[in-house]
Every structure is written in C-alpha cells, then in structure tokens.
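These notes are about the structure you will find just below.
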2 protein chains.
Amino acid sequence: MAETDTTSPRERYRAQVRTEIKDRAWEQIATAGASALSLNAIAKQMGMSGPALYRYFASRDELITELIRDAYRSLADTFRAAWGSGSDHAALAHALREWALDDPQRYFLIYGTPVPGYHAPDDVTAIAAEIMTILLDACAALPADGPATPFDAHLEGHRQWAGDHPAPPEALRRALAFWTRLHGVLSLELAGHFTGMRFDPALLFTAELDDLLAH
Amino acid sequence: MAETDTTSPRERYRAQVRTEIKDRAWEQIATAGASALSLNAIAKQMGMSGPALYRYFASRDELITELIRDAYRSLADTFRAAWGSGSDHAALAHALREWALDDPQRYFLIYGTPVPGYHAPDDVTAIAAEIMTILLDACAALPADGPATPFDAHLEGHRQWAGDHPAPPEALRRALAFWTRLHGVLSLELAGHFTGMRFDPALLFTAELDDLLAH
DNA sequence: TAAGTTTCGTGATAGCCTCTAACTAAATCT
DNA sequence: AGATTTAGTTAGAGGCTATCACGAAACTTA
C-alpha cells in the first residue's frame, strides 16, 4: 500500500512545472551558456506566455540561483557517494572529473567567472562547506608525508573555516592543494584551452592526482 | 623635429574613439561583468546615440573579441617583460598574479567560463601560443629534477603544440603544471571561493609556486 | 452544493537591449 | 569647387525582463 502523499495536487503540479522549467534552463545553459538563458524562450517552449513563469520564479536571477543550488547539491551528492563507497582518493577525484565533463556549464556555474555583485545565499555556501568537509575527511585519512611547511603554520593560526574540522593543518593544506590543482587542470580542459595541443587531458589530470597522492 | 605622422587626422580620431569605447567597456566589465556590457550605455556615456557605435565595432561580439585580444596582448607583454628582466621564475609567477589581481574580470575574459559557440580568431590563439612559448622557455631553463614520468612519455609523442619548441618533454610537463596549478589557485581566489576561510591566498599561491620550483 | 478565496495563466505595457536602414551634415579627396 | 567618403542622427523591428490588471480555473469552507 502506497504511502499517503502529504502534498496537495496543486503543490505537486507546481513542483512539476518548476522542475520542467529548470530542465529547460539546463538545456539552454548547456548549449548557449548561462548568459543566454531566456525565461521568455523557456515559456514559449512550454507553450505558455512569458509572464507566466514569474509565478514560479520571482526573477531570472532567482532561477539561476536555484540552478546554482542544484549544481552544488549534485556535486555534494557525487562527492559523498564517491568517498562513501571505498574511501578511495583517486575515485573521489575521478568522480569530480566525470561530474564536470558530464555538464561543463554546470561546473562553470559554480567555479566559473563570478558576477561582480552576486553573493550566494547562506544555504548555498553551506553546501559548499559540506563539500569541503568531505574533502577534509579524505585528506585527514591520507598518510602523513614530509615536515610541516611554513604555510601549514599559517593555516594553523587561520582555520576559522572548515567548521572546526578536526583535521591537522597538514590535511588542510593538502585539501587546498587537491582542490586548486584538480580545478586548475579541469577548468582549463573544460574551457577548451588544451584543444590544439595534442595531449590527452585525462592523463594530465591523473598525473596531477598521482603527484597529490604521492607526496 | 617630430616624425611625420603617417596616419590621417580621420584615422587618428577613429582610433581615439575606438579606444575610448574600449576604456568604457573595461569599466563596465570590471564593475558588472562581461555579460552586462551594453553598447547603448557606452554610447550614452560618450554623449552619442546608440547606433553610432556600430561605425566603430560591427557588433557587441566584435567589441568583446577585441577586448579579449587586448587582454591576451597585455598578458603576453607582462609575461615577456617579467621573464625578460632577470629570468626569475618566481617573478614571472608573481607578475601573473599581479596582472590578474589588477583586473579580475580581464583575467576571466581569458580563463573564465567559455561561451559554448565561441571560437577565438587565429590571431588571438597566436598570442596565446606566444604566452605558452615564454612559459616553455622558462621551464626549459629550470634545472632537471626526478626521472621521467609516464606522462612525459605521452607528451613526447604528442607535442604538436608549442610550435616545435625545442624544450624536452619534462619541460613541457612542468610548463603545464606551472600553468594549471597557478591558474587553479588564482581563479579560485579571484572568484572569491576563499573568502570566509581566513587564510591568506597570497601564501597559498607562493606555497604552490615553491612546490613547483622545488621539484 | 453553493459561495468565497486562492492560484494560474493571459494580454497589455514600460523600459531595457542589439542591430538595420534611411537620411543629414561634415570632413576629405580630386 | 564639386564629388565622395564618413560620422552621426532618428525611426523602427524584434528580442529581453518584469509589472500589472484581469479572467478563469481550482481548491476551501460553510
């Protein structure tokens, strides 16, 4: 016997229309970038007139913020799943890469060009912190390597972030390196800066990853 | 005695108006991002009516392409100057960082979110190659470190890029690492992903740089 | 079931934007 | 001085975001 749905038909319909709007928005973003996203075009695709969409999203910016939120959530879920099943650092990194390749514009919605005025709402930064926590868990599980660096000492004194994560400063440093280096390779690959050069970006990615795990 | 100017007054006037348009465009981009760039607004600022600007730039896209071109040229000049005076790798890296901090949106015009359909014209990619050449010169001048990696072997077989630069594959690998790692730190810093965390991004940057130069 | 209320979608409209076209006036060339 | 090129204008087509007032459908409640 199916569980009684607590939501009213209206709420269900509303949620359904909202997700259809978002699906179309993702399509547009994937093919033409976020700046080309048009509420009007989405409305026409769905067979209704422009202003109707404003019943579902207060503004274009609010829709984009919602997409950013979903992108963060998707990345956090991918991360949690990848780290949860096996605690394999390489698997975590490759999960990130596959998630990014799956929809480059979704990656850039999070890590791409920032809009000068924009500040993400608190719940979004909370998801970002969640992602960082998983990364810190992973780096805390890494075997120790060389001596503490000067930068470790600096991090020791400035670790407000990471929500009082119990990782040692060395793990903080390695989490940052993990993040910045993989992002460095990935974002240049996704932006097409390696096309024309003939090497395989996947090998560069794993080379960086190996270097991160070796040290 | 002043050199006779080969350009006619009209050409000079035209060039002057073009640069004023570009200056205003840079202001707009710096304060509101490239997607908010408005030819109309620029025209009003300059005291003329909208369509007048189309005498100077065929379209909004052509103006942006011109800005991208100038950004690349500026970066290439900065790079050449930084490497030319002293051949100091750290100075080269810090010149990059200062150039980026000087106008983050200019950096993102080159290395930020790509527009799916867009392909840069050949002369722009030529400047990009020029930048890469300087980086390869620098990495070729680096003392050799450990044994060849598997990725070195791959690069050996796929070095169409770099315009037949005489650098050994190890230098190619290090140039890529230089590029991707510094970009990784820089782009996340410029996009504001480190705000909230309390550490100093400059120290992370130099830590990555030191690591690059130590190995 | 009937009346009241909330919600959805509409068309009209204001105010941006890019870009084209026709026209005037000024600068330059012959 | 006359012919030609060029710079700027206004008008307008067609796109966009967003607001508003209105009708119609769907729920809620008496």
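Throughout, a chain's letter reflects where its sequence line sits, starting with A, and its residues are numbered from 1. We use all heavy atoms of the structure for the numbers below, so side chains are in, but hydrogens, waters and symmetry mates are not.
Atom CD in B:Gln16 sits roughly 14 Å away from atom C1' in D:dA7 (whole-Å rounding). As a whole-Å value, the separation of B:Met46 CE from D:dA7 C1' is 12 Å. D:dA7 atom P lies 10 Å from atom CD of B:Glu11, rounded to whole Å. For the pair A:Lys44 NZ and D:dG14 P, the computed distance is 11 Å after rounding to whole Å. In this structure, B:Ile42 atom CD1 and D:dG8 atom P are separated by 15 Å, rounded to whole Å.
For the pair A:His154 (side chain) and B:Asp200 (backbone), a donor-acceptor distance under 3.5 Å is present. In this structure a side-chain-to-backbone donor-acceptor pair under 3.5 Å is present from B:His94 to B:Ala90.
Using a 4.0 Å heavy-atom criterion, one finds that A:Ser49 contacts the sugar-phosphate atoms exclusively. Heavy atoms of A:Leu53 sit nowhere under 4.0 angstrom from any nucleic acid atom. Here B:Pro51 lies in heavy-atom contact (under 4.0 Å) with a base.
Counting only heavy atoms from C-beta on, B:Pro9 has its side chain closest to C:dT28 among D:dA25, C:dC17, C:dT28. Here the nucleotide nearest the side chain of B:Met48, chosen from C:dT10, D:dA7, D:dT9, is D:dT9. With distances taken from any side-chain atom of B:Arg10 to the nucleotides C:dC19, C:dT6, D:dT5, the minimum falls on D:dT5.
Ion pairing between B:Arg181 and B:Asp211 holds under the 4.0 Å rule for side-chain N and carboxylate O. Salt bridge annotation for B:Glu11-B:Arg14: absent, with no cationic side-chain nitrogen under 4.0 angstrom from a carboxylate oxygen.
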> Would B:His165 and B:Thr133 satisfy side-chain hydrogen bond (donor to acceptor under 3.5 Å, both in side chains), going step by step from the backbone distance to the final call?
Replying inline: CA-CA 7 Å; B:His165 194 282; B:Thr133 298; 5.7 Å; no
> Where do A:Thr65 and A:Tyr118 land on the side-chain hydrogen bond (donor to acceptor under 3.5 Å, both in side chains) test, with the steps shown first?
Replying inline: CA-CA 10 Å; A:Thr65 293; A:Tyr118 184 80; 3.0 Å; yes
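Not one side-chain nitrogen or oxygen of B:Tyr54 sits closer than 4.0 Å to the OP1 or OP2 atom of C:dC17. Remark: B:Asn40 is not in phosphate contact with C:dC16, judged by side-chain N or O atoms under 4.0 Å from OP1 or OP2. At the phosphate of D:dA7, OP1 or OP2 sits under 4.0 Å from a side-chain N or O atom of B:Arg14.
In this structure, B:Ser38 and A:Tyr13 both approach DNA chain C, and ranking their closest nucleotides by distance from the 5' end singles out A:Tyr13.
Taken from CG in B:Leu109 to OG1 in A:Thr113, the straight-line distance is 8.0 Å, to the nearest 0.5 Å.
Between B:Leu39 and B:Ile21, the closest side-chain pair of non-hydrogen atoms is not below 4.5 Å.
Note that A:Arg18 lies outside the cation-pi zone of A:Tyr56, set by a 6.0 Å cut-off to the ring centre and a 45° limit from the axis.
Rounded to 10°, the angle separating the first-five-pair axis and the last-five-pair axis of the helix from C:dG9-D:dC22 to C:dT30-D:dA1 equals 10°.
Using cut-offs of 30° and 60° for the angle between ring planes, the A:Phe199 and B:Phe151 rings count as perpendicular.
Near DNA chain C, defined here as any heavy-atom distance below 4.0 Å, the residues from residues 55-63 of chain A are A:Arg55, A:Tyr56, listed numerically.
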